[in-house]
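Below: one structure, written as structure tokens.
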Amino acid sequence: MIESTIAELLSKATLKLYGQMPPESLIQIQKTRPEFTGDYTVVVFPLLKISKKNPEQTALELGKYFIDNSNEITDFNVIKGFLNLSVSNTYWMEFFNRILPDNRFGFSESKDIPSVVIEYSSPNTNKPLHLGHVRNNLLGWSVAAILKANGIPVKKVNLVNDRGIHICKSMLAWQKWGQSATPETTGQKGDKLVGDYYVLFDKEYKKEIKTLVDNGMKEDEAKNSAPILLEAKLMLKKWEDGDDQVRKLWYEMNQWVYAGFDITYSRMGIDFDKVYYESETYLLGKALVEDGLQKGILFKKEDGSVWCDLTLDGLDEKLLLRADGTSVYMTQDLGTAQLRYDDYHPGKLVYVVGNEQNYHFDVLKLVLKKLGKEWADSIEHLSYGMVELPEGKMKSREGTVVDADDLMEEMYQTAKTTTEALGKFDDFTEEESHQLYNVLSLGALKYFILKVDPKKTMTFNPAESIDFTGNTGPFIQYTHARIKSILRKADEAGYPYLDIKIDWNDSNEKEKSLLKLLHDFPQVIQQAGENFSPALIANFAYEVAKEFNQFYHALIILKEEDEATRTFRLQLSFVTARTIRQAMKLLGAEVPERM
RNA sequence: GGUCCAGUAGCUCAGUUGGAUAGAGCAGCAGCCUUCUAAGCUGCGGGUCACAGGUUCGAGCCCUGUCUGGAUCACCA
């Protein structure tokens, strides 16, 4: 990397000129802004302490040193306290000839280190996946891909919250009003069917609360004593006691949901190395709690409920087992963490979970630590922001949830009408068109979601469908298809461009800025990995596409008469297309050959 | 009320961890298809970076306070 070369030279220069090596924090190297000449810029202000001279003087002295002592730096200029360095064409040429045949440019070799286990998706089995899950799934999948690109071994896991009061609610409502409806008899997707009964339960529950309140009960009390809720609670208890009938119904309804989820996952392109089920981990969690209780780390209240005291850590007391002995969310998460640790002994346990659960994960780590699990420190909560609608948070009960399947279907239709309106590809078969619409709609959706910094709350306006022009997935995909079209024509014309070394030293501005941008790819992948941020990849892909389109409009490629120049431009186009494809792949998005 | 997060153009978002005149897209206006894909390119207009102090050569970024919005502090998951 040229940056590190410059940094080293800078250290040597200050040592030679001013008798001191600067600490790393004082070395600031950045890319030169386009309005100035040069490729890289050294900020000299921090070095004045060492040089004890004014900025201009210091920069001049350093600049001279660079020229005299390096082959890579050919020129410099000083503006205010900024030392702009020009890197030799030889460096850029060698760099380009190196990456041209390197199909893994930007990717690291696999490292022999403990793997990272990354959990994402984590659906509840009482309702279908919605836009919030979409962000979760896309983030988790993409971060996993990015970590792999950094050479880190990754295990992708899903934890299905398949038990608990929520699924009992759906089961109960189905028992009462379902009339034995199944996905087969209704033709409805299983997760949708079960979700409908969850909504039904909630309606009835609200009704009962209202009745109780009308009869003079306080609202809080009513919420806890509505008959239908008591019935659901009873069902949960029966479930934990292993009641045959309850278990059978539970199993059947969950199977419906899984069949539905599988369709959604598969369409979205989301997969896992391993799926955990809460019903298989919560007992382990209970055992951990019992153990902690015996060791006196946890305590029992008079009613029999078990708690962890976190008040000394600035948090509250946390319930771990209810008075009736049933477990809560935290209980099973303790068990899952333990199980996962035993399965993989990972270097890191990453949880992709919304930021509304920040507190939960603080508590989880603390409780595990108290229970003596040193590896609790390797737990990292990849906390992402909510997806909101223009009018605020999505509420399933108010019907403002954006369903994942509906969203994908809508995007598909948009891709279809947009493509048809442009009137290209009459020669496409139905299958080819279908493929294209899929690639475009998912590319648009994935890019739209992943280009936003994961930590930030993002807004989605269902009324305005996701764009296909401007800073979008299809724009990037289009650029790829456009390049592929040129490369096909080059093949037809019999212009070879691979395996040829061009001795290029007279570069056009547009060529060079594109090349310099491609040069950044490895650092972008590295940074995206360190920050768990697909957004960095997305923004990079956009910049590359934009830069290429400017290059494309400014210069001719195929019809360029000078053979060397033409070949170089074809090579540059080729590397650009490859980089775009790989960057998009890290987001889980495909790129089409034609569009 | 406690804790945490956020506030950048009409809208949706960037801003390389403190550097040069704060950038894109959408929306609006004006141009460019007999050069290789116009899902593209070029130009114009649009900003008190919520507000007030502070730190320093330099602050959208760091610190303090204020305002606004959100999350959370559940025997829901």
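The sequence lines fix the lettering, A, B, ..., with proteins before strands; numbering per chain opens at 1. Values in this document were obtained by computation on a predicted structure and should not be read as measured data.
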Taking the [atom1] atom of each, how far is [N] from [M], in whole Å?
N: B:rU66; M: B:rU21; atom1: P; value: 33 Å
N: B:rC41; M: B:rC33; atom1: C1'; value: 11 Å
N: B:rU16; M: B:rG7; atom1: P; value: 13 Å

Just checking [X]: base, sugar-phosphate only, or nothing, at a heavy-atom cut-off of under 4.0 Å?
X: A:P592; value: nothing
X: A:T419; value: base
X: A:E593; value: base
X: A:Q550; value: sugar-phosphate
X: A:F475; value: sugar-phosphate
X: A:Y359; value: sugar-phosphate
X: A:L422; value: base
X: A:N531; value: base
X: A:N84; value: base
X: A:M458; value: sugar-phosphate
X: A:L440; value: base
X: A:V43; value: base
X: A:L555; value: base
X: A:E560; value: nothing

Hey, is the side chain of [X] poking within less than 4.0 Å of OP1 or OP2 on [N], counting only N and O atoms?
X: A:R488; N: B:rC36; result: no
X: A:R566; N: B:rC36; result: no
X: A:K489; N: B:rU37; result: yes
X: A:Y478; N: B:rA39; result: yes

Side chain of [X], heavy atoms from C-beta onward: which of [options] has the nearest atom to it?
X: A:P46; options: B:rG19, B:rG40, B:rU37; answer: B:rG19
X: A:I486; options: B:rC76, B:rC13, B:rC36; answer: B:rC36
X: A:K80; options: B:rC41, B:rU21, B:rA14; answer: B:rU21
X: A:Q30; options: B:rG19, B:rA39, B:rC13; answer: B:rG19

Donor-acceptor pair present, [X] side chain and [N] base, under 3.5 Å:
X: A:S122; N: B:rA77; result: no
X: A:T41; N: B:rA20; result: yes
X: A:N549; N: B:rA38; result: no

Round to the nearest Å and state the distance from [X] atom [atom1] to [N] atom [atom2].
X: A:L229; N: B:rA77; atom1: CG; atom2: P; result: 11 Å
X: A:N355; N: B:rC73; atom1: CG; atom2: P; result: 13 Å
X: A:F548; N: B:rC36; atom1: CZ; atom2: C1'; result: 9 Å
X: A:K455; N: B:rG70; atom1: NZ; atom2: P; result: 22 Å
X: A:M411; N: B:rA39; atom1: CE; atom2: P; result: 17 Å

Identify the pairs formed between an N or O of the protein and an N or O of nucleotides 23-26 of chain B at a distance under 3.5 Å, and give each distance.
residue: B:rA24; atom: O2'; partner: A:Y542; partner atom: OH; Å: 2.7
residue: B:rG25; atom: OP1; partner: A:K546; partner atom: NZ; Å: 3.2
residue: B:rG25; atom: O2'; partner: A:N471; partner atom: N; Å: 3.2

>> If the condition is side-chain hydrogen bond (donor to acceptor under 3.5 Å, both in side chains), which residues does A:D309 pass it with, not counting sequence neighbours?
In response: A:T311
> For A:Q523, which residues count as a side-chain hydrogen bond (donor to acceptor under 3.5 Å, both in side chains) partner, sequence neighbours excluded?
Replying inline: A:E3
> Going by a 90° cut-off around 0, is B:rC5 syn or anti?
Replying inline: anti
>> My validator wants the stems of RNA chain B: runs of 3 or more consecutive Watson-Crick or G-U pairs, both distances under 3.5 Å, written as range with range.
In response: B:1-7 with B:67-73, B:10-13 with B:23-26, B:28-32 with B:40-44, B:50-54 with B:62-66
Does [Y] offer a backbone N or O that forms a donor-acceptor pair with the side chain of [X] under 3.5 Å?
X: A:R566; Y: A:K559; answer: no
X: A:N150; Y: A:I146; answer: yes
X: A:W250; Y: A:C168; answer: no
X: A:E119; Y: A:N158; answer: no

> With A:E509, which residues qualify under salt bridge (charged side-chain N to carboxylate O under 4.0 Å, His left out), at least two apart?
Replying inline: none
>> Run the salt bridge (charged side-chain N to carboxylate O under 4.0 Å, His left out) test against A:K365 and tell me which residues pass, sequence neighbours left out.
In response: none
>> Set out, in order, the CA-CA distance, both residues' side-chain angles and the distance that settles side-chain contact (heavy atoms from CB on, under 4.5 Å) for A:F460 and A:I466, then state yes or no.
In response: CA-CA 9 Å; A:F460 174 76; A:I466 294 174; 3.8 Å; yes
>> Between A:Y198 and A:H166, is the ring-ring contact (aromatic ring centres under 6.0 Å, His included) condition met? List the steps.
In response: CA-CA 8 Å; A:Y198 185 70; A:H166 57 287; 7.5 Å; no
